[in-house]
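We count ligands from 1, going down the list as the structure has it; atoms in each ligand are counted the same way. Values in this document were obtained by computation on a predicted structure and should not be read as measured data.
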Amino acid sequence: IPGRHSRGMKLLLLLSVGLGLAWTLQDFSPEQVIGSWETLKLASNDRSVVEEEGAYECFMTGIALLDNGNLNVSYFHRKDGKYVKEFYVAEKTDTPGRYTFEYHGKNYLTFVAVTEEFAIIDLENQRDGEPLIVVELHGRTQEEGKLGMAHYRRQTARRGILPSNIVDVFLKRPCATQE
Ligand SMILES: *[C@@H]1O[C@H](CO)[C@@H](O)[C@H](O)[C@H]1NC(C)=O
């Protein structure tokens with residue numbers, strides 16, 4: 001039935017565009033991302049969410065793998081001028097490297113690039129039907145994280161995020177202010 005076939009194709013296309021399946025890692029394994037991390041950059045199509053005390057201003061400190069394959073993500077965020085340590089559980093999906101979690105609605109978390117030195121995470125939240133996108137650059141150390149910059153810029157450009165919407169958060173992290 002040609003009509004049904006093309007509707008199916010269209011749906012598949014929409015899904016793959018909407019969920020960014022094009023960037024999913026084919027060879028992702030969660031073991032690659034466990035351990036400690038430092039957040040270098042945050043970018044969004046809505047800059048206010050990654051600015052000071054914004055809803056997505058986060059300083060990721062570590063990822064642990066739970067027995068059921070989900071990830072326990074620890075991070076600091078700022079609230080009323082103080083750093084608060086929190087964690088969320090990212091639930092695995094059928095797509096390797098893609099997780100979901102609830103925070104102001106449903107979020108899709110996708111590992112776009114992972115090396116021994118850096119990790120790039122793409123977050124998408126469908127709030128009010130309009131996608132909010134956040135792209136994060138994390139490094140095992142600051143120096144190692146810098147190796148991901150070219151890839152990070154490509155991902156933000158691909159997501160239509162302006163270079164002026166990339167926020168350097170490394171010096172804002174909690175231990176930087178305590179030093
Ligand atoms: C996630 O890790 C934190 C420590 O960073 C721990 O307190 C918490 O119990 C863990 N949560 C789960 C569901 O394992």
Side-chain angles (χ1 to χ4, degrees), residues 19-21 23-25 27-44 48-127 131-149 151-152 155 166-179:
L19 302 179
L21 290 178
W23 326 304
T24 332
L25 294 168
D27 55 352
F28 178 85
S29 81
E31 286 77 13
Q32 294 173 285
V33 300
I34 60 181
S36 60
W37 290 102
E38 304 255 24
T39 303
L40 275 77
K41 308 265 182 191
L42 298 173
S44 177
S48 70
V49 304
V50 291
E51 286 173 343
E52 197 166 316
E53 306 213 359
Y56 286 82
E57 191 203 35
C58 71
F59 306 89
M60 187 165 84
T61 53
I63 299 178
L65 180 60
L66 304 177
D67 289 343
N68 57 8
N70 293 339
L71 301 179
N72 184 355
V73 182
S74 313
Y75 65 101
F76 280 98
H77 76 104
R78 278 195 279 188
K79 201 170 191 272
D80 305 324
K82 292 199 182 79
Y83 287 96
V84 186
K85 194 169 170 80
E86 291 198 348
F87 69 89
Y88 65 87
V89 173
E91 294 179 15
K92 68 171 185 191
T93 67
D94 291 339
T95 307
R98 164 156 295 150
Y99 297 81
T100 61
F101 64 96
E102 293 292 326
Y103 176 71
H104 296 288
K106 188 168 187 166
N107 294 267
Y108 284 93
L109 182 164
T110 309
F111 287 94
V112 173
V114 178
T115 69
E116 283 181 19
E117 295 91 8
F118 65 86
I120 297 172
I121 293 177
D122 182 287
L123 286 183
E124 184 167 328
N125 181 314
Q126 296 285 339
R127 53 165 195 195
L132 171 72
I133 297 151
V134 176
V135 183
E136 310 176 350
L137 174 63
H138 309 280
R140 292 296 184 182
T141 64
Q142 183 191 20
E143 284 310 308
E144 291 180 312
K146 285 177 183 165
L147 299 172
M149 265 318 285
H151 200 129
Y152 182 71
Q155 182 65 17
I166 299 176
V167 180
D168 188 346
V169 297
F170 187 72
L171 291 173
K172 300 176 185 167
R173 76 199 194 284
C175 43
T177 58
Q178 283 158 19
E179 272 159 19

Checklist entry - Hey, what's the ring geometry for Tyr56 with His104, parallel, tilted or perpendicular (30° and 60° as the breaks)? => result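 Aromatic pair Tyr56/His104 classed tilted.
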Which residues pass the ring pair (Phe, Tyr, Trp, His ring centres under 6.0 Å) test with [X], not counting sequence neighbours?
X: Phe87; result: none
X: Phe101; result: Tyr88
X: Phe59; result: Tyr83

Contacts table for ligand 1: protein N or O within a distance under 3.5 Å of ligand N or O, distances only.
unit_1	atom_1	unit_2	atom_2	d
ligand 1	2 (O)	Asn72	ND2	2.4
ligand 1	5 (O)	Ser74	OG	3.2
ligand 1	11 (N)	Asn72	ND2	2.8
ligand 1	14 (O)	Asn72	ND2	3.3

Next on the checklist: Just to verify, which of Lys79, Lys172, Arg173, Arg78 counts as forming a salt bridge (Lys or Arg N to Asp or Glu O under 4.0 Å) with Glu57?
Outcome noted: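 Exactly one pass, corresponding to Arg78.
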Checklist entry - Any luck finding a side-chain donor-acceptor pair between Glu143 and Thr141 under 3.5 Å? => result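 There is no such pair (donor and acceptor under 3.5 Å, judged by atom type) between the side chains of Glu143 and Thr141.
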